[in-house]
Each structure stands twice: as structure tokens, then as C-alpha cells.
Amino acid sequence: MSTLFITGTDTGVGKTFVACALAHALRARGVRVAVMKPIETGVVGEPEDALRLRAAAEDPAPLDDICPYRLRAPLAPAVAARLEGVAIDVDRLAGLIVQRAAAADVLLVEGAGGLLVPIRGMTTFAELAARLALPVLIVGANRLGTINHCALTARVAAAAGLTVRGFVLSEPASPPCGMGKRRTARVSLASSRRRSTRESRRRVPSCAPARRPPPPGARPSARCPARARAAGSRRSRARC
Ligand SMILES: Nc1ncnc2c1ncn2[C@@H]1O[C@H](COP(=O)(O)OP(=O)(O)O)[C@@H](O)[C@H]1O
Ligand SMILES: [Mg+2]
């Protein structure tokens, strides 16, 4: 049995996608795969990541073992838990990871966000992984800035005494808000000036999918300045 902790340079970079791809590939080789998303935030109803992982791995374990903490607010676990009055028990999480690893050939554990995301107080995912000596896979987004983000994450992993097994650059569907400009820049580098102008008008950058419903009365476009600008709205200063 072996365990791999899948972390990322950020949220929305492709951790779940890569973990699911790994689970599929391992399953295809006849490996028994277990999965965990120890803490999932932004959960309204079902925990999406945990369900995707479970389906990819065909893991028969109860959802409570795969994803013991599901929190509503789309925030770092420590913050979301505090808002909901939940005390995340790090000892319990560590125990569950050990238990689940013993029941499969490979256990894939997906973190939330990156290594320094707080779980409880000052305890981060880096500490949880280090406590169990879990080797890590770092997922980054294949875009400008990723070398720096990957190197920063690798340094944090090394400082925590973690072994980095590798890096995967994924192609996340929606860039986080603000990354759209970089995409447009890539288009303009790759094309003639005239075509890039047309392209950048067509390619409206967007925010990562909102997990929280907009406040009553808010216009949907006001959630994303990029879209608001594209629509010619003057409300483009609203926060994403
Ligand atoms: N290599 C890829 N090819 C296609 N879609 C991808 C790829 N990597 C990520 N995505 C998509 O990008 C979005 C964010 O990826 P996800 O795995 O949920 O990120 P994270 O788990 O890091 O928050 C999802 O819609 C996912 O399906
Ligand atoms: Mg995920």
C-alpha cells in the first residue's frame, strides 16, 4: 500500500482532475485505489470533488470516510470551520488516512488549495502530510507564472520535510479571476495584432465558478469585473 498527497499551487488548478486521471489509470492496471478529500469547502449539497474522486476510483467506502469534513463556506477550511462552529480534529483526520491507506493498494488524498492552507489554527495541509510522511504530487496550471508557483510550493514541501514525487501542469477550464488577461496576452503573442484584437474581444475572461449564490438583487455580471467590462457595464469595480 502507498499513499500520495495531491496538492496544488492554488485552488482550481486541476488537483481533482489529475487525481481522477491517476485513479482511472491505476484502476485500469487492476490496482485497488482508495481516495480521500479530507476537507471540502464550498459544499452546498453534495461534495463535488469527493464524488468525482470516488467515481474515478470506484471506491466503495462511505462518503463520510472519503470526505469527513464538508463545509459550506467557499473558504480555507480553518476559516469555514470557524464560521460554522465546527472543530476540525486533525488527529482524527490523520487516523482516517492511515486506516484508509491500509484498505487499498494506493490511497490518493487531495488537499484543499495549496500546502499552506490552514486546517485548524496554524496547522496546515503541509503539517498533516508531514505528520504521516506522505509523498506529494504538485499540480499547477499550465500558464504564465507557474514556474514560480510550483517552485514556491516545492520549497514549502522541502521545508516541511516532504518528498515531492513530481509535478503535473494541468489545463484548468476556467482561469481564476484576473488570469484572463494572461490568456489574452498569450493569444496576442501567437497571432497577428489584428486577429488577437478580434480574439480577445471574443474570449471573455471569466471567474472560477461561483459556489455561493449572489446576494439578493445583485446582477450576475457584477460578480466578475472582466465580464462586467465586456458587457459595457459601469459596475465593473465589484469584487469577484
Ligand atoms: N487537464 C485538464 N483538461 C481539461 N480540464 C481540466 C484539466 N485540468 C483541470 N480541468 C478542469 O478545470 C477545472 C478545475 O479543475 P479541478 O481539478 O477542479 O481543480 P482543483 O481540484 O485544483 O480545484 C475543472 O472544471 C476541471 O475539470
Ligand atoms: Mg479539487
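Hydrogens, waters and symmetry mates are skipped; everything else that's a heavy atom, side chains included, is used. Counting starts at 1 for both ligands and their atoms, in listed order.
Under 4.0 Å is where a charged nitrogen must lie from a carboxylate oxygen, and between Glu84 and Arg72 no such pair does. Salt bridge status for Asp59 with Arg54: absent, with no side-chain N to carboxylate O gap under 4.0 Å. Ion pairing between Arg70 and Glu40 fails under the 4.0 Å rule for side-chain N and carboxylate O.
Heavy-atom proximity to Glu110, at under 4.0 Å, picks out these atoms of ligand 1: 21 (O). Using a 4.0 Å cut-off to heavy atoms of Gly12, the atoms of ligand 1 that qualify are 14 (C), 19 (O), 20 (P), 22 (O), 23 (O). Distances below 4.0 Å separate heavy atoms of Ala173 from the following atoms of ligand 1: 10 (N), 11 (C), 12 (O), 13 (C). Interface of Ser170 with ligand 1, defined as ligand atoms under 4.0 Å from a residue heavy atom, comprises 1 (N), 2 (C), 7 (C), 8 (N), 9 (C). Close approach of ligand 1 to Val13 (heavy-atom distance below 4.0 Å) involves ligand atoms 19 (O), 20 (P), 22 (O).
Proximity of a side-chain donor or acceptor of Tyr69 to a complementary backbone N or O of Lys37 within less than 3.5 Å is not detected. No donor-acceptor distance shorter than 3.5 angstrom exists from the side chain of Thr7 to the backbone of Ile138, with no hydrogens or angles considered.
No cation-pi contact links Arg165 to Phe5, judged by a cut-off of 6.0 Å to the six-membered ring centre and 45° from its axis.
A heavy-atom distance below 4.5 Å is found between the side chains of Leu137 and Leu22.
Rounding to the nearest 0.5 Å gives a distance of 4.5 Å between CD1 of Ile6 and CG of Leu108.
Distances between N or O atoms of Asp10 and those of ligand 1 include no value under 3.5 Å.
Coordination check, Thr16 versus the Mg ion (ligand 2): passed, since an N/O/S atom of the residue sits under 2.8 Å. For the Mg ion (ligand 2), the N/O/S atoms of Glu40 include none lying under 2.8 Å. Within the coordination shell of the Mg ion (ligand 2), defined by N, O or S atoms under 2.8 Å, Asp49 is present.
Residue-ligand proximity: Gly8 is placed with every non-hydrogen atom at 4.0 Å or more from ligand 1. Using a non-hydrogen distance threshold of 4.0 Å, Arg52 registers as a contact of ligand 1.
If you check each of Lys37, Lys15, Glu48, Glu171 against atom 22 (O) of ligand 1, the one with the closest non-hydrogen atom is Lys15.
Annotation for Leu83: atom CG counts as buried by contact number, over 12 foreign heavy atoms lying within 6.0 Å.
Restricting Glu110 to its N/O/S atoms, the shortest distance to the Mg ion (ligand 2) is reached by OE2.
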